[in-house]
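See below for the structure under consideration.
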Protein chains: 2
Amino acid sequence: MIVGATSRQNGQYTYCEQCPLRCRSSLREFTAEELAFVRQFKVDELRVGAGSSFLQQGTSSEHLYTVLSGWAFRYKMLDDGRRQILNYALPADLVGLQGAVMREMEHSVEALTNVVLCVFPRSKLWDLYTRFPSLAFDLTWLASREEQILDENLLSVGRRSATERIAFLLLHLYMRAEEAGLVAANTVEFPFTQQHLADTLGMSLVHTNKTLRRLAPRSAFYWKDRMFKMADRAALAELAGADAATGKPRPFI
Amino acid sequence: MIVGATSRQNGQYTYCEQCPLRCRSSLREFTAEELAFVRQFKVDELRVGAGSSFLQQGTSSEHLYTVLSGWAFRYKMLDDGRRQILNYALPADLVGLQGAVMREMEHSVEALTNVVLCVFPRSKLWDLYTRFPSLAFDLTWLASREEQILDENLLSVGRRSATERIAFLLLHLYMRAEEAGLVAANTVEFPFTQQHLADTLGMSLVHTNKTLRRLAPRSAFYWKDRMFKMADRAALAELAGADAATGKPRPFI
DNA sequence: CGGGTTCTTGACTAGTTTCAAGCAAAGTGG
DNA sequence: CCACTTTGCTTGAAACTAGTCAAGAACCCG
């Protein structure tokens, strides 16, 4: 199992000046000083193979990460193997802040696809707070957004019906993928298995499958062979009991 | 319905130098400069009557708050009235950061008991980030802690059995009350109704009641007339499938 | 061409919700 | 001070949702 490979040495390294994420319209721009700081804040790049966990529940981590490419997810496990997926991380999402700010991680993070991560040392985090209040503010913004997503998820799992849950989650993931620039022609590559959905929504695999199957004839979306195609966003939003709003600008580091 | 009463004018105002929370061992101490800043950051005090919401889903707020005394809770509602309680706020807990950092609140906050709040204007938040990186860091810390609690809650609602959920929540609330100095002789005043528990755990009221009733004969706790007495913490932790760890120092503003 | 993973379905069972009703305690108003 | 209302707790029965078990199909990989 590939736990990860470091890559400042070989030719694969992405310098912040050329960061592909910076072009995205949904992300705020850096000043020259911020950029210079972030460049030295990023000490390495990490490649993690699909299926391996690069942050572990119960350990403390020397680093925090921004996803450069690929999908990851945060999750918690109970002793007997029950798993709850808490949230997903896409390119430009920050991961591991909890471990950097507090003593210990209380969740794990696994790569859903092959993932490339920017590595930031927690030792320089204080520097960031001291010298770049703007970036410190952005960190708080990101933490708030994570909280917002968790709130919404908790509402789903606690109070929405199975159909609403699935519709809502699919819509949510689609919109995030869209924000991350991964959607073309209303289509995204969706790396999830039904087991992932089940573990996100607090449902069994079988029930997830049956609900999905009951949703299919409504033709709001098509999902097959890892490709997800949105056919009728409004219909899906209606099934979810939500409105189909589009994204707004946001910061990242 | 008392929406709130402002009180710098009358004799009730608590100045930060005399803040009763500062004595608590579980909270970190301020430097003199921090204290001076926080004193002018706090522009008012708000009293909210039990049962009224002082922050509303879908609105933006000019203020953020720290709970000085009383219990509050964050929640979300669906159009048809289904409610999900997201988390509780006790003295020294911060509320409304989301609204201050982002455009809009995506949840509401209601006073569970009569509550006194310290009022901070979002307009001075940037000042805080610029001049007091230490406090900015504390805000991030608080946001991370909120996230941690939400993670745990999501795990409960998604993957724990009804019995485990209730046991876990009661233990959690007890431990937080303890951290807030509200426990004496293993007893706290618990302001919740069973409906609150149900809405926190994503269960129906009836099922919550029956589960609670099934738990009673194990004598791990006694809960009657708003008084909660912890009788056997280890037993409750066992029912919850958790360990009964005790709290660690934390910041507040 | 196996062996593994993922998806799918049916049958059965367990867990949960809904409905309905009763009771106790506290609060309200004449 | 006593009906009367309201709120919160409790219980049983019926209906339904969701989970478990089991097995087969489709697909991928080496």
Side-chain angles (χ1 to χ4, degrees), chain A residues 1-2 49-52 78 80-85 110 112-114 156-167 169-170 189-217 221-228 239, chain B residues 1-2 49-52 71 73 78 80-85 110 112-114 156-167 169-170 189-217 221-228 239:
Chain A
M1 187 184 269
I2 308 165
S52 38
L78 258 16
D80 60 3
R82 283 174 286 179
R83 177 175 75 168
Q84 176 66 43
I85 294 182
E110 179 178 322
L112 189 53
T113 62
N114 289 335
S156 274
V157 176
R159 288 299 181 215
R160 285 196 242 252
S161 73
T163 308
E164 290 171 321
R165 276 186 235 191
I166 292 215
L169 179 60
L170 289 175
E189 191 182 341
F190 251 19
F192 321 100
T193 65
Q194 296 184 357
Q195 185 68 64
H196 288 118
L197 291 203
D199 285 347
T200 308
L201 298 174
M203 298 165 44
S204 72
L205 172 61
V206 174
H207 193 223
T208 301
N209 177 278
K210 288 178 179 169
T211 307
L212 228 25
R213 228 86 278 300
R214 238 172 292 126
L215 236 35
F221 61 89
Y222 303 97
W223 181 21
K224 196 155 200 293
D225 298 328
R226 295 170 67 96
M227 296 310 288
F228 179 92
L239 285 165
Chain B
M1 186 185 270
I2 307 165
S52 39
W71 293 73
F73 61 89
L78 259 15
D80 60 2
R82 283 174 287 178
R83 177 176 75 169
Q84 177 67 42
I85 294 181
E110 179 178 322
L112 189 53
T113 61
N114 289 334
S156 274
V157 176
R159 287 299 181 215
R160 285 197 242 252
S161 72
T163 307
E164 288 171 324
R165 278 187 231 190
I166 292 214
L169 179 59
L170 289 175
E189 192 182 339
F190 251 20
F192 321 102
T193 64
Q194 296 184 357
Q195 185 67 63
H196 288 118
L197 291 204
D199 286 346
T200 308
L201 298 174
M203 299 166 42
S204 71
L205 172 60
V206 174
H207 194 222
T208 301
N209 177 279
K210 287 177 179 168
T211 308
L212 228 25
R213 227 87 276 299
R214 237 172 293 126
L215 234 37
F221 61 88
Y222 303 97
W223 181 20
K224 195 154 199 293
D225 297 329
R226 297 168 66 95
M227 295 310 289
F228 180 92
L239 285 165

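Convention: sequence-line order gives letters A, B, ...; per-chain numbering from 1. Only a predicted model underlies this, so the values are computations on that prediction, with no experimental measurement involved. All values below come from the heavy atoms of this structure, side chains included, with hydrogens, waters and symmetry mates left out.
Taking A:Thr113 as the reference, nothing meets the side-chain hydrogen bond (donor to acceptor under 3.5 Å, both in side chains) condition, with sequence neighbours excluded. Under the side chain to side chain contact (heavy atoms under 4.5 Å, CB included) criterion, B:Thr200 pairs with B:Ile85, B:Tyr88, B:Asn153, B:Leu169, not counting sequence neighbours. The side-chain hydrogen bond (donor to acceptor under 3.5 Å, both in side chains) test applied to A:Asp80 returns A:Arg82, not counting sequence neighbours. With sequence neighbours excluded, the residues that form a ring pair (Phe, Tyr, Trp, His ring centres under 6.0 Å) with A:Phe221 are A:Phe228. Residues forming a side-chain hydrogen bond (donor to acceptor under 3.5 Å, both in side chains) with B:Thr193 (at least two apart in sequence, or on another chain): B:His196. Under the side-chain hydrogen bond (donor to acceptor under 3.5 Å, both in side chains) criterion, B:Glu110 pairs with no residue at all, not counting sequence neighbours.
Rounded to an integer number of Å, the gap from CG of A:Asp80 to P of D:dG19 is 15 Å. Distance, B:Arg160 CZ to D:dA18 C1': 20 Å, rounded to whole Å.
Residues A:Trp223 and A:Phe192 approach most closely at CZ2-O, 3.5 Å, considering heavy atoms.
Pairs of residues two or more places apart, or lying in two chains, never qualify as salt bridge (Lys or Arg N to Asp or Glu O under 4.0 Å) while including a residue from residues 201-216 of chain B.
Side chain of B:Arg165 to backbone of B:Leu201: a donor-acceptor contact under 3.5 angstrom is found. When atom types are taken as modelled, the side chain of B:Asp199 and the backbone of B:Gln84 share no donor-acceptor pair closer than 3.5 angstrom. Judged by distance alone, the side chain of A:Arg83 and the main-chain N or O of B:Arg159 form no donor-acceptor pair under 3.5 Å.
If you take CG on A:Leu197 and OG1 on A:Thr208, they are separated by 6.5 Å, rounding to the nearest 0.5 Å.
If you walk DNA chain C from 5' to 3' and mark each nucleotide with an atom closer than 4.0 Å to a heavy atom of chain B, the marks span C:dT16 to C:dC19.
With axes fitted over five pairs at each extremity, the angle between the ends of the helix from C:dC1-D:dG30 to C:dG30-D:dC1 is 40° (10° resolution).
Residues B:Ile166 and B:Met203 meet the side-chain proximity criterion, which asks for heavy atoms closer than 4.5 Å.
Within residues 197-211 of chain B, the residues having any heavy atom closer than 4.0 Å to DNA chain D are, in order of number, B:Val206, B:Asn209, B:Lys210.
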| message | For a quick check, with a 4.0 angstrom heavy-atom cut-off, what is the B/S/- contact string for nucleotides 23-30 of chain D, read 5' to 3'? | response | --------
